[in-house]
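First comes the structure, then the notes that go with it.
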Amino acid sequence: KDILSNYVAQIINIFLRFFLVPLYLLKLGVSAYGFIGFYFSIESIMVFLDFGMGVTSAKILAEQYNEKPKSTLRIIRSVEFIYVLISFIIGVIIFLLSGVISRNWLVVDDLSINVEKIIILMAILLTVSWPKSLYENFLIGRKMIIQKNVINISLNIIRTLVMIYTVVHLSGGIESYFYVMIATLFFETVILRITFFQKMGRTFNFASFLELKPLLKYTSGVGFFSILSLIVFQSDKIFISKFMPISALGIYNTSSVIPLAMFSLIYPITSAIFPRLVRMNSDSKAKHIFQEW
């Protein structure tokens, strides 16, 4: 059920993404679409500041919540505080560097675009949306995958409809894209958080250092692969954004939509299996079933 719901969410996401690409190119222009790609590159670069906390939280929730619910919730509360703090710091840094980025990094061939303002909107969007993946990992860790997907699908459809109306009828340019993204992703992040804590309960206490030690140990390994993934998937876009016009990045992003969509089709399986793998070390039957599959 979890895998099927993941595929429904993923296929809808891919379809809506394909549907919006020609609309962005037609109504906003290639340069504006380049800014959209540049934002997602920045977002991906910031993934390494996650330090693997999202995936580790899913593992800890799946592994020890049933045996140690209070201790686990304290760990989750601590992770949430660190994560939100990091997202705020990221947003402030990008906001302060918006002028430098707009003048010294990007080569913009559409002079009608207020580049510095767009960078500031990117900073706000990162701040409000970055914790979204953390709450999704929380839900995955407790095998609340169907609930997560219902929220993702609903908000994705709403975001697409609002985006179509805004881009077609309000003609606010690339700025309107970021306004819609800020509002809808902030709302989605809040809904994901409420869904998790309504089910799990809340605590205002933070974990001790001894309780956090397993998390810190695991995040070091996950963090290494996050950085490796960053190098593999984002170095080309960073190179293009620095040495070519922003419209070239827009064309490049268009060409990569299909292969990235195909690559993402493995995620529905891995995210459903992950919280179930924690029994592997202690249950030979679970290991045998996994190997057969």
Side-chain angles (χ1 to χ4, degrees), residues 13 16-17 20-21 23-47 49-50 83-135 155-156 158-192 234 237-238 240-242 244-254 257:
N13 179 47
L16 294 177
R17 192 185 309 168
L20 286 173
V21 168
L23 182 69
Y24 292 150
L25 294 173
L26 181 65
K27 294 293 183 178
L28 302 180
V30 178
S31 294
Y33 190 62
F35 276 102
I36 295 174
F38 182 68
Y39 166 76
F40 285 112
S41 294
I42 293 178
E43 184 183 52
S44 299
I45 290 170
M46 297 306 163
V47 165
L49 292 177
D50 168 278
Y83 216 91
V84 172
L85 180 62
I86 290 174
S87 69
F88 178 77
I89 292 171
I90 290 172
V92 170
I93 290 173
I94 295 177
F95 175 83
L96 294 175
L97 294 177
S98 58
V100 176
I101 295 172
S102 62
R103 290 190 299 269
N104 302 322
W105 188 272
L106 297 174
V107 181
V108 181
D109 41 7
D110 186 344
L111 300 180
S112 66
I113 296 175
N114 186 337
V115 181
E116 187 169 350
K117 184 177 181 180
I118 299 302
I119 302 299
I120 292 173
L121 290 175
M122 289 182 185
I124 298 171
L125 180 55
L126 272 171
T127 302
V128 302
S129 67
W130 206 59
K132 172 176 172 284
S133 63
L134 178 68
Y135 297 123
L155 268 296
N156 207 351
I158 291 171
R159 181 163 43 250
T160 301
L161 293 175
V162 174
M163 189 70 76
I164 292 171
Y165 178 82
T166 303
V167 171
V168 172
H169 295 287
L170 299 185
S171 303
I174 185 60
E175 294 175 13
S176 63
Y177 168 87
F178 284 103
Y179 289 137
V180 172
M181 292 292 286
I182 289 168
T184 57
L185 281 173
F186 175 73
F187 183 68
E188 184 173 357
T189 301
V190 171
I191 294 297
L192 288 166
Q234 298 302 325
K237 299 177 183 66
I238 298 303
I240 292 173
S241 69
K242 172 61 177 174
M244 298 181 186
I246 196 72
S247 58
L249 183 60
I251 295 170
Y252 186 76
N253 288 331
T254 306
V257 168

Run the numbers on V115 and F35 for side chain to side chain contact (heavy atoms under 4.5 Å, CB included), then give the verdict.
-> CA-CA 9 Å; V115 181; F35 276 102; 4.0 Å; yes
Start with the C-alpha gap between W105 and F38, add the side-chain angles, then the distance that decides, and say whether side chain to side chain contact (heavy atoms under 4.5 Å, CB included) holds.
-> CA-CA 11 Å; W105 188 272; F38 182 68; 4.0 Å; yes
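- The nearest pair of heavy atoms linking L249 to G34 is CD2-O, 3.4 Å.
- Taking CD1 from I86 and CH2 from W130, the interatomic distance works out to 5.0 Å, rounded to the nearest 0.5 Å.
- The closest side-chain heavy-atom distance from V190 to Y135 is not below 4.5 Å.
- With rounding to the nearest 0.5 angstrom, the CD1 atom of I94 is 6.0 Å from the CD1 atom of I101.
- Expressed to the nearest 0.5 Å, how far CG of L126 lies from CG of L185 amounts to 10.5 Å.
- Under the 4.5 Å side-chain criterion, counting only non-hydrogen atoms from C-beta, L23 is in contact with V168.
- Side-chain contact check for I36 versus I174: some heavy-atom pair is nearer than 4.5 Å.
- Proximity of I90 to T127: side-chain heavy atoms (C-beta onward) are nowhere separated by under 4.5 Å.
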Apply side chain to side chain contact (heavy atoms under 4.5 Å, CB included) to the pair I164 and L20, showing each step before the final yes or no.
-> CA-CA 8 Å; I164 292 171; L20 286 173; 4.0 Å; yes
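- The OG atom of S102 sits 12.5 Å away from the CD1 atom of I113 when rounded to the nearest 0.5 Å.
- Between Y83 and S87, the closest side-chain pair of non-hydrogen atoms is not below 4.5 Å.
- Atom OG in S129 sits 9.0 Å away from atom CD1 in I182 (nearest 0.5 Å).
- Side-chain contact annotation: Y165 with T160, donor-acceptor N/O pair under 3.5 Å absent.
- Between M244 and Y252, the closest side-chain pair of non-hydrogen atoms is not below 4.5 Å.
- Going from atom CZ of R103 over to atom OG of S98 covers 8.0 Å, rounded to the nearest 0.5 Å.
- The two residues N156 and N13 have their closest heavy-atom pair at ND2-OD1, 3.1 Å.
- For the residue pair S247 and S31, the shortest heavy atom distance occurs at CB-OG, 3.7 Å.
- With a 4.5 Å cut-off on side-chain heavy atoms, Y33 and L28 do not count as touching.
- A pairwise comparison of heavy atoms in T184 and R159 identifies OG1-CD, 3.0 Å as the closest pair.
- For the pair T166/Y179, no side-chain contact is recorded, criterion being any heavy-atom separation below 4.5 Å from C-beta on.
- Proximity of the aromatic rings of Y24 and Y177 is defined here by a centroid distance below 6.0 angstrom, and this criterion is met.
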